[in-house]
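Let me begin by presenting the structure, written as structure tokens, before commenting on it.
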There are 2 protein chains.
Amino acid sequence: MNNTPVTLKFLAEKLKMSVSTVSKALNNYPTINEYTKKRVQEMARDLHFTPNKSAINLKERKSRIIGVILPNLLDHFFTRSIYGVEQFATQNGYNIIISQSHDDLQKEIQSANMLLRSRVDGLIVAISKNTQDFSHLDQFENLGIPVVYYTRNPSFNLNCHKVLGNTFQGCYQATKFLIDRGHKKIAYIGGPKMINFTHDRFNGYINALKDNGLSFDADLVAYTDFDKENTISAIKNLFANPANNPTAIVAFKEPILFDAIKYLRNIKHPNINEIECVGFGNNSFISYLDSPPVASIEENPESVGENAISLLLKLINKEIDLDNYQKIMVDCKLVVHED
Amino acid sequence: MNNTPVTLKFLAEKLKMSVSTVSKALNNYPTINEYTKKRVQEMARDLHFTPNKSAINLKERKSRIIGVILPNLLDHFFTRSIYGVEQFATQNGYNIIISQSHDDLQKEIQSANMLLRSRVDGLIVAISKNTQDFSHLDQFENLGIPVVYYTRNPSFNLNCHKVLGNTFQGCYQATKFLIDRGHKKIAYIGGPKMINFTHDRFNGYINALKDNGLSFDADLVAYTDFDKENTISAIKNLFANPANNPTAIVAFKEPILFDAIKYLRNIKHPNINEIECVGFGNNSFISYLDSPPVASIEENPESVGENAISLLLKLINKEIDLDNYQKIMVDCKLVVHED
DNA sequence: CAAATTATTTCAAACGTTTGAAATCTATTA
DNA sequence: TAATAGATTTCAAACGTTTGAAATAATTTG
């Protein structure tokens, strides 16, 4: 229970020298005598001196903290992306404070304000489902604190920095893959229409069809808002009319496929073993499923995170101007599941 | 791009009053005139004054930040526990900095040092697999900063605060559940022997057997270190001798069961549909499996997290003495999967 | 209306650093 | 050996708050 905190002043008194000498010695200033440095550094080590970050932040007018706001940590996409952010941030001497909005605008505003008070040097944010107004985030840019939107972003607004998964390319590739495997009737199950990239993915699907001489059939397309009931009914519709009879499915998200597969097994669909599925996610539990998806669209969340923090750091270091808005697309990778 | 930061001084100049009046007005001091308060607060709002946390921390000698060190965020147990921690911390005006050790001691030491520099007011930690030496964590307590170990903890050391899942009770309950369903030959697949609660869980299993008049059979017990190959071979062993022929399995972790189920299906085990499994986890993907576990042992990670932060806050507020070591057990709940 | 209260505001130091400028010490040069 | 240059150390202000003590203003009292 060492009560007196070990500060520069404390070290200075012990060593009978001034606070500035101690500070400079620890920061390896060239004007400080080598022997003095050695003495100071040894004493600092022995007494477990730990520089007070608050004091440094106050003095340097920065915090070396990056704020991250995201909907939640239960979604593997986000936790994996955090991995990339943390890795890169730590390497560059930054810490991150993660704050979950739980897809609630009020909570997101609270988080933003808290991070503003903490004087974060930059912000990485995946907005909540119902963020329409951005004033709580705009305040950062108004103060010169860079903001990078990643994944979930204000799609209509071009005047912000964005790092996104190239969801068009991912969906295109997946559809093409199924076409190459001989499928002619490929169904598409999309996500909620208000989510940014619902459209991009759909376009990837459409374009792949067109580029490969398949015609688009509206009856092969369904949407779900991820609600289980909703998903099931979308799937039912898709298979209701025997004229459709898709032999393959591309899905917005893998869990949709899991529901689809379960449904098809339940109704004992005659072609269950021929139907091939691909979805966004690459969930590690796939290998335990009985009729697993043939492939997954891996969104490389770590890479998305790393690109976001890397861009943010460039903005912080003024290597890129704040108003020189960047948009970075991170390619997806099709992972084929052998068995 | 507002360049001059809005500080108390800035407000004071605008309002032609002293910095202390402004400060006290914002903090609602009773000695400050109501009208003055109103003027100050309005100006602060209009100019988007945001108090500088570094300055406050420096002055108050605390950070209102709680450090959390955990192995990783990919494990749902931890992300769910974070939910509880964050919730409770935010309610009490604390922020959390999460740092992943990736089960690497060096990284854990780094994280600890970083959090020490950040002058966290308290620490919650789930230690890495190979943490034997605790000096990097002991420094916190030496400085009077409370540390609460949760889940993964130094089992041999009683002189520390701990919040743990009641893994004995969970395993007991699960085994009892299977016994009540008529099983006589219940296998147990345990985790790595060096993990703290491997023993507790095993004891839960054993005690449930004994308390219900079943004799313990060493042939029905296997261990795995979670490595896939290792798990498979453990399962093989269990079913190799037809004399064993377990009709139920209790597993240390659900993924073990997934492997087991997959294996049994692969080898077309004759009693596949009669074998009932229970494991720790309550993974949401269970519902998609073809022969899913009959029940899950839900460890209530949110509650574990909440208990950890709640204890930590009591230690910070000196409602509990630092050396009055606490051990809190959070009960598990058996979740039966209907179908 | 001066003195005593009470209400309100301001002063000034402190928290723990950093850093340019000034001061001091040491060694070199003429 | 005094002047100069170079090496090293110290001074002092600043970062943005908080807060007890001191100062001032406004009000009440005798």
Side-chain angles (χ1 to χ4, degrees), chain A residues 2-41 43-44 47-65 93 116-121 143-144, chain B residues 2-41 43-44 47-65 93 116-121 143-144:
Chain A
N2 191 348
N3 289 343
T4 37
V6 181
T7 64
L8 288 185
K9 194 174 158 199
F10 185 78
L11 289 182
E13 278 160 11
K14 282 263 173 206
L15 290 158
K16 297 198 194 316
M17 47 177 84
S18 77
V19 172
S20 30
T21 307
V22 176
S23 170
K24 287 174 178 171
L26 289 173
N27 289 306
N28 210 25
Y29 268 52
T31 69
I32 302 294
N33 182 283
E34 285 305 320
Y35 176 61
T36 312
K37 280 185 193 170
K38 192 158 166 281
R39 283 211 305 143
V40 172
Q41 280 157 10
M43 179 69 77
L47 265 49
H48 301 107
F49 168 73
T50 316
N52 184 316
K53 248 189 134 233
S54 294
I56 297 176
N57 294 346
L58 178 59
K59 188 82 235 293
E60 311 220 305
R61 294 155 148 277
K62 58 180 187 180
S63 62
R64 294 216 147 240
I65 294 179
L116 199 62
R117 275 195 297 282
S118 296
R119 292 288 188 280
V120 293
D121 293 343
L143 289 168
Chain B
N2 191 347
N3 289 342
T4 37
V6 181
T7 64
L8 288 184
K9 194 174 158 199
F10 185 78
L11 290 181
E13 278 161 11
K14 283 263 174 205
L15 290 158
K16 299 198 195 312
M17 47 178 85
S18 76
V19 171
S20 31
T21 308
V22 176
S23 169
K24 288 174 178 170
L26 290 173
N27 289 306
N28 209 28
Y29 268 52
T31 69
I32 301 295
N33 182 283
E34 285 304 321
Y35 176 62
T36 312
K37 280 184 193 171
K38 194 158 164 279
R39 284 211 304 142
V40 172
Q41 280 158 8
M43 178 69 78
L47 266 50
H48 300 107
F49 169 73
T50 315
N52 185 317
K53 248 188 134 234
S54 294
I56 297 176
N57 294 345
L58 178 59
K59 189 80 231 293
E60 312 220 304
R61 292 154 149 277
K62 59 181 183 177
S63 62
R64 294 216 149 240
I65 294 178
L116 199 63
R117 274 195 297 280
S118 297
R119 292 289 189 279
V120 292
D121 293 343
L143 289 169

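Quick caveat: nothing in here was measured; it's all calculated off a predicted structure. Chain A is the first sequence line, chain B the second, and so forth, proteins listed ahead of strands; every chain is numbered from 1.
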Residues of residues 11-23 of chain A with any non-hydrogen atom less than 4.0 angstrom from an atom of DNA chain C: list those, numerically ordered, please.
-> V19(A), S20(A), S23(A)
Please answer whether the main-chain N or O of Y29(A) pairs with a side-chain N or O of K37(A) as donor and acceptor at a distance below 3.5 Å.
-> yes
The helix from dC1(C)-dG30(D) to dA30(C)-dT1(D): angle between terminal helix axes, five bp per end, to the nearest 10 degrees, reads 70°
Return yes if a side-chain donor-acceptor contact under 3.5 Å exists between S18(B) and T21(B), otherwise no.
-> yes
Kindly determine whether Q41(A) and L26(A) satisfy side-chain contact (heavy atoms from CB on, under 4.5 Å), including the steps that lead there.
-> CA-CA 6 Å; Q41(A) 280 157 10; L26(A) 289 173; 4.0 Å; yes
Nearest 0.5 Å please: distance from the NZ atom of K9(B) over to the OG1 atom of T7(B).
-> 7.0 Å
Check whether any side-chain N or O of N52(B) sits under 3.5 Å from a backbone N or O of S54(B) as a donor-acceptor pair, and report yes or no.
-> yes
Look up atom NZ in K38(B) and atom CE in M43(B), then write down how far apart they are to the nearest 0.5 Å.
-> 12.5 Å
With a 4.5 Å heavy-atom cut-off, do L47(B) and F49(B) have their side chains touching?
-> no
Result of checking I32(A), V19(A), T36(A), V40(A) against K24(A) for side-chain contact (heavy atoms from CB on, under 4.5 Å) = I32(A)
Could you check which residues of residues 48-64 of chain B get a heavy atom under 4.0 Å from DNA chain C? Sort them by number, please.
-> L58(B), K59(B), R61(B)
Please, which pairs that meet side chain to side chain donor-acceptor pair (under 3.5 Å) have at least one residue in residues 56-65 of chain B, sequence neighbours excluded?
-> S63(B)-D121(B)
What distance do L58(B) atom CG and L58(A) atom CG have between them, rounded to the nearest 0.5 Å?
-> 6.0 Å
Please name the pair of heavy atoms, one in M17(B) and one in V22(B), separated by the smallest distance, quoted to 0.1 Å.
-> CG-CG2, 4.0 Å
Can you give the first and last nucleotides of DNA chain D, 5' to 3', that have an atom under 4.0 Å from a heavy atom of chain B?
-> dG16(D) to dA21(D)
Positions of residues 30-40 of chain B (non-hydrogen atom under 4.0 Å from DNA chain D), listed by number = none
Gap separating the CG atom of N33(A) from the CZ atom of R39(A), nearest 0.5 angstrom | 9.5 Å
R119(B) vs T50(A) side-chain heavy atoms within contact, under 4.5 Å | yes
For K14(A), does the NZ atom have more than 12 heavy-atom neighbours from other residues, nucleotides or ligands under 6.0 Å away?
-> no
